[in-house]
Amino acid sequence: MKIKLQREALLRPLQSVIGVVERRQTLPVLGNILIVADDNGMTLTATDLEVELVAQTTPEITEPGQITVPARKLMDIVRNLPEGAEVAVSVDGDQAVIRAERSRFTLATLPATEFPTVEDIGETRPLVLPQRDFRELIEKTHFAMALQDVRYYLNGLLLELEPGKLRAVATDGHRLALGELEGEVTAEQLQQVIVPRKGVQELLRLLDDADDQVRVELGGNHIRVSLAGLRFTSKLIDGRFPDYQRVIPTVDDRVMEAEREPLRQALVRASILSNEKYRGVRFNLGENELRIQSNNPEHEQADEELTVTYGAEAMEIGFNASYLLDALHAVDGDQVRMGLVDSSSSTIIEDVNDRRYRYVVMPMRL
Amino acid sequence: MTATVRKIIHVDMDAFYASVEQRDDPALRGLPVLVGGSPQGRGVVAAASYEARRFGIHSAMPAARAVRLCPDAVFMRPRFEVYRAVSREIRAILAEYTDLVEPLSLDEAYLDVTETPGFDGSATRIAAALRRAIRERTGLTASAGVSYNKFLAKQASDLEKPDGLAVIPPDQGEAFVAALPVGRFHGVGRATEARMQALGIHTGADLRRWDLADLQQAFGKRAPFYYGIARGVDERPVQPVRERKSVGAENTFPRDLAARADMRAALEPLAAKVAAGLAAKQLQARTLTLKVKYADFELITRRRTSRMAIREAEDMMPVLDVLLEETDVRRRAVRLLGVIAAGLEARETTEAGHQMAFW
């Protein structure tokens, strides 16, 4: 293999894939990056066996070939070369040689055949949607995923396809986030996949707030997302996501509407004096008035009053302030609506003018 | 610290499980009886009658090996329900002598009889009376040790076993310990014994030559205990109620369960029972253990520790579901399921609230 390219043309794809290279690998080859140079140009591939990233670049190829080299060392070398330098990569025996200006590096290699890649992910019907929308869908739901829960199927994001709709749902069993995208979704029947946490986080890193289209493919065991110059593939979690519809309450009487920002700020202040571990706050709802109270084991106390729109029966309910703040943070609009049932049932939070995103929180017993 | 010398009794039932079996089946009397797991499998001896002990068999020995030592031994499956019932009877008897009874297991307990009236103030007479009461009311024999602290009382109960009574009076405690090989000290395990031997500590007298600092260096936080017992000193009080370490419930099914749905259905009432147990004691748990006994009696456990406090059956079921997944129940039928909540903490400490869950 013999190629030549500008430092930046190598650095950029390297930076986009390096994130999945684990610092401590189970297999030595997973610490390497696969470089393939052929008629289609050049690809750089990194994997941790769960998530695979392939980045493309276009070097001047004098001799095609493929090899794997230590990912972080290559990255550090390229990053520290002078800007605009021309970089030559070649393979000499079982070593890779990197040359740039008056620098020369020889790196240990492992054969490309040892590098595990995911080629075909099975029959899929691709979904094409604006990158910005897809990013927003994930960004506004992913925070509710569980973290190392024994119910492994909660440690990921549910993507659900139904005709005309792409839905994302995340829950840790205590709160839930749901988002919907309407678009040209040609699903014949309901299709559900669970993308593992690591894949979700990597996707968020890759997706931009840009107008161009991304292509999403769902295979039996993988999800693949292709965007300009980059291909993301992640294994799926094999499990059944719980019936989330069941926990979303339908509320018509006990509805409170409030300005989002003042409510958020009051919650932030009240949570300062809540129990650090449980972050419990108490809501007291009366006619057009909301009182938020908290106290901690040191018997310190916070008391907040807010004017809201509420006309139903007075009620009291406890919440983990963090869950409410996460939801309020994800909402864009100025006005939020909270639909309550009682002090031991789930509460729904949504933007008054945008019901594509909904957040459901279970209360705390205080 | 009170200046009065305490009067402590250690009561130890003789070959308890085996004796209950011999009591209930006269045909077994005089025979070497072993209670425990199957000698064909990987079972161990839970109890051996004194007839069996003559062949060198002792508890915790693999059953298969016990059979090689004594091919004529009679093997009995344990009947824990019966042993528990007998144990309750014995505890009721002990409670007649003092409120300060600390059960160590089904067949062993400490009593502090310092304040017990009558018996001419003699702990030895109390021990004799309660041994008689146990024999008359349960048909079983117990050995007892009498001394001025728990360590020596327990050592004493070994001296005249079975069916015996031994006393180590205050003025003989130090001499008794001095002559005792460290391997026979209760509270010195096999590993510690080996370390002590390596350090030239063979008897209580050897141990006594070590000062606290050196012991600390060699044995860490157990050092004060060793330092004390080498001098016949053990200040540990008799604690009537031992702190609860777990709350559990289990069920052996009349017929083995093979279907997952049946197992899940069987776990629900167990989880509810554990939840009720936690609620009754105002406790919550961090760790949940699933106990599974397969049809072939192999017993396994799977456990998880959760970041959230576990209080209700609803908190337990999803965890139990996952734990069940980690067992062999897809391929093997199950005769017993159990749920154990551990890592207990008082609910008051987390008054700030209990986060409710969807599922």
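Here is the naming used below: chain letters follow the sequence lines, and residue numbers restart at 1 for every chain.
N296(A) does not touch chain B: none of its heavy atoms, backbone or side chain, sits under 4.5 Å away. Neither the backbone nor the side chain of Y152(A) comes within contact range of chain B; no heavy atoms are under 4.5 Å apart. Proximity to chain B involves both the backbone and the side chain of S344(A), based on heavy atoms less than 4.5 angstrom apart.
Crowding of K140(A) atom NZ: a count of heavy atoms from other residues, nucleotides or ligands under 6.0 Å exceeding 12. Atom CG of D342(A) sits in a crowded spot, with more than 12 heavy atoms from other residues, nucleotides or ligands closer than 6.0 Å. Atom NZ of K273(B) is surrounded by 12 or fewer heavy atoms from other residues, nucleotides or ligands within 6.0 Å. More than 12 heavy atoms of other residues, nucleotides or ligands shown are found within 6.0 angstrom of CD on Q245(A). The environment of CG in N221(A) is sparse: at most 12 heavy-atom neighbours from other residues, nucleotides or ligands sit within 6.0 Å. More than 12 heavy atoms of other residues, nucleotides or ligands shown are found within 6.0 angstrom of CG on D303(A).
The greatest number of non-hydrogen atom pairs below 4.5 Å with chain B, out of G318(A), S345(A), S346(A), P242(A), is found for P242(A).
Using a 4.0 Å cut-off between charged nitrogen and carboxylate oxygen, E312(B) and R365(A) count as a salt-bridge pair.
Of all heavy-atom pairs spanning F358(B) and T171(A), the tightest one is CE1-OG1, 3.5 Å.
The only member of R279(A), M364(A), R175(A) that meets side-chain contact (heavy atoms from CB on, under 4.5 Å) when paired with Q355(B) is M364(A).
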